[in-house]
**Student:** 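Got a structure for you, questions after.
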Amino acid sequence: AFVDFICIFSLFHFNADKGEMYLLYNFCAFGLQFPVGLVADLFRAHIKFSSLGCFLIALAFPMIGISPIFACVAAGIGNSCFHIGGGVTVMRAFPQKMAPLGIFVSPGAIGVFLAMAAVPWKSIFLWSCPVVMLIAAGFFFYLGMKEEPKEIFPGASLKKIRRMAGVAIVLLFLAVVFRSYFGLILVFPRKSGFVLPFLFIIGCNIRPNN
């Protein structure tokens with residue numbers, strides 16, 4: 001939630017067109033998760049990628065006034081790296097279960113909502129957010145110094161994934177493109193005001209007892 005809060009909060013400070021910046025950020029944060037995940041698997045450094053993500057997000061803030069595009073790319077790639085590392089860690093801790101992954105991802109909606117509400121206090125967060133991200137980067141790097149497991153998925157499942165990898169990559173990438181594009185051009189009543197967005201994010205984060 002805090003990572004998404006910082007990334008979306010930083011977008012409000014870009015001097016360039018925010019619509020283009022959102023599109024660029026969405027591409028870096030979601031579209032690049034495929035190659036980022038491939039590199040993380042190659043080096044077996046998933047937790048360290050979470051550390052790298054936090055560092056890139058912290059780096060985005062001092063670059064906002066110098067190069068908004070660089071700051072946007074850094075925040076987007078940082079978000080991608082963080083979610084790759086965090087997602088793999090959750091899958092290892094809860095094998096063959098999907099609910100924990102949803103619990104890991106869904107608080108991002110809370111972060112996005114709070115980022116938009118925090119604009120009046122932007123001077124406070126503009127300096128505190130990078131400090132928190134640097135602390136998080138150090139923490140994850142320390143955890144990542146331990147040996148990474150050699151295999152995440154069972155061998156049989158991995159063979160099936162490789163067989164369908166090309167189709168899956170194309171479909172997932174198209175899903176990201178359409179989601180980002182329509183999210184920018186369509187106006188949803190639930191995203192305006194305070195009550196409806198608040199109820200929406202609470203609904204996204206309710207976990208059934210069973």
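A quick note: this is a predicted structure, and the numbers were derived from the prediction, not measured.
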**Student:** Would you compute the distance between atom CE of Met145 and atom NZ of Lys48 and round it to the nearest 0.5 angstrom?
**Tutor:**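 Result: 5.0 Å between the selected atoms.
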**Student:** Please name the pair of heavy atoms, one in Gly87 and one in Leu101, separated by the smallest distance, quoted to 0.1 Å.
**Tutor:**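 Scanning both residues completely, I find the closest heavy atoms to be O-CD2, 3.7 Å.
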**Student:** List for me each residue that meets ring pair (Phe, Tyr, Trp, His ring centres under 6.0 Å) alongside Phe104, sequence neighbours excluded, and say none if there are none.
**Tutor:**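 Partners of Phe104 under the ring pair (Phe, Tyr, Trp, His ring centres under 6.0 Å) test: His83.
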**Student:** What pair of heavy atoms forms the shortest contact from Ala75 to Ile57, and how long is it?
**Tutor:**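 That closest heavy-atom pairing would be O-CG1, 4.0 Å.
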**Student:** Identify, with sequence neighbours excluded, every residue that meets side chain to side chain contact (heavy atoms under 4.5 Å, CB included) alongside Ala136.
**Tutor:**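 Side chain to side chain contact (heavy atoms under 4.5 Å, CB included) list for Ala136, sorted by chain: Cys54, Met133, Phe140.
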**Student:** Looking only at non-hydrogen atoms, find the nearest pair between Ser51 and Ala137 and report the distance.
**Tutor:**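 Scanning both residues, the minimum pair turns out to be OG-O, 2.6 Å.
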**Student:** Once you round to the nearest 0.5 Å, how far does CG of Leu56 lie from CZ of Phe49?
**Tutor:**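 Atom-to-atom, Leu56:CG and Phe49:CZ are 10.0 Å apart.
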**Student:** Holding to side chain to side chain contact (heavy atoms under 4.5 Å, CB included), I want the full list of residues that pass it with Phe34, two or more places apart in sequence or in another chain.
**Tutor:**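 Once residues adjacent in sequence are excluded, the partners of Phe34 under the side chain to side chain contact (heavy atoms under 4.5 Å, CB included) criterion are Leu172, Phe173.
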**Student:** Report yes if some heavy atom in the side chain of His46 is under 4.5 Å from a heavy atom in the side chain of Arg92; otherwise report no.
**Tutor:**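 Side chain of His46 against side chain of Arg92, heavy atoms only: contact under 4.5 Å found.
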**Student:** Using atom types as modelled and distance alone, determine if a side-chain donor or acceptor of Thr89 lies under 3.5 Å from a backbone N or O of Gly85.
**Tutor:**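 Side chain of Thr89 to backbone of Gly85, a donor-acceptor pair under 3.5 Å: yes, one is there.
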**Student:** Can you tell me how far CZ of Phe2 sits from CZ of Phe5, rounded to the nearest 0.5 angstrom?
**Tutor:**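 Interatomic distance, Phe5 CZ to Phe2 CZ, rounded to 0.5 Å: 6.0 Å.
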**Student:** Check Ile84 against Ala40 and note the closest heavy-atom contact, atom names and distance.
**Tutor:**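 Reported closest heavy-atom pair: CG2-CB, 4.0 Å.
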**Student:** Can you list everything that forms a side chain to side chain contact (heavy atoms under 4.5 Å, CB included) with Phe94? Sequence neighbours excluded, please.
**Tutor:**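 Per chain and number, Phe94 pairs via side chain to side chain contact (heavy atoms under 4.5 Å, CB included) with Val90, Lys97, Pro100.
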**Student:** Between SG of Cys7 and CD1 of Ile77, what distance do you get to the nearest 0.5 Å?
**Tutor:**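 Rounded to the nearest 0.5 Å, the SG-CD1 separation comes to 11.5 Å.
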**Student:** For the residue pair Tyr25 and Val73, establish whether any side-chain heavy-atom pair is separated by less than 4.5 Å.
**Tutor:**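 Side chain of Tyr25 against side chain of Val73, heavy atoms only: no contact under 4.5 Å found.
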**Student:** Do you reckon Phe139 sits in the same ILVMFWY cluster as Val88, going by side-chain contacts under 4.5 Å, direct or chained?
**Tutor:**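 Yes; tracing contacts between hydrophobic side chains, which count when under 4.5 Å, links both residues.
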**Student:** Same cluster or not: Leu38 versus Phe43, using hydrophobic residues (I, L, V, M, F, W, Y) connected whenever any side-chain heavy atoms lie under 4.5 Å apart?
**Tutor:**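 Shared cluster, no.
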**Student:** Are Ser80 and Phe30 close enough that some pair of their side-chain heavy atoms sits under 4.5 Å apart?
**Tutor:**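 A side-chain contact is absent here, since even the closest heavy-atom pair is not under 4.5 Å.
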**Student:** Within a strict 4.5 Å, meaning less than it, do heavy atoms of the Leu114 and Phe9 side chains meet?
**Tutor:**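 No. Closest side-chain heavy atoms not under 4.5 Å.
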**Student:** Taking side chain to side chain contact (heavy atoms under 4.5 Å, CB included) as the test, write out the residues that go with Leu134, two or more places apart.
**Tutor:**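 If we apply the side chain to side chain contact (heavy atoms under 4.5 Å, CB included) test to Leu134, skipping adjacent residues, the hits are Phe55, Ala58.
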**Student:** Is any side-chain heavy atom of Phe141 closer than 4.5 Å to a side-chain heavy atom of Ser50?
**Tutor:**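 Phe141 does not reach Ser50 side chain to side chain.
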**Student:** When clusters are formed from ILVMFWY side-chain contacts under 4.5 Å, directly or step by step, what else is grouped with Val131?
**Tutor:**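 Answer for Val131: Ile135.
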**Student:** Got Phe27 and Leu32 here, is their nearest side-chain heavy-atom distance under 4.5 Å?
**Tutor:**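 The answer is yes, as the side chains (C-beta and beyond) meet within the 4.5 Å cut-off.
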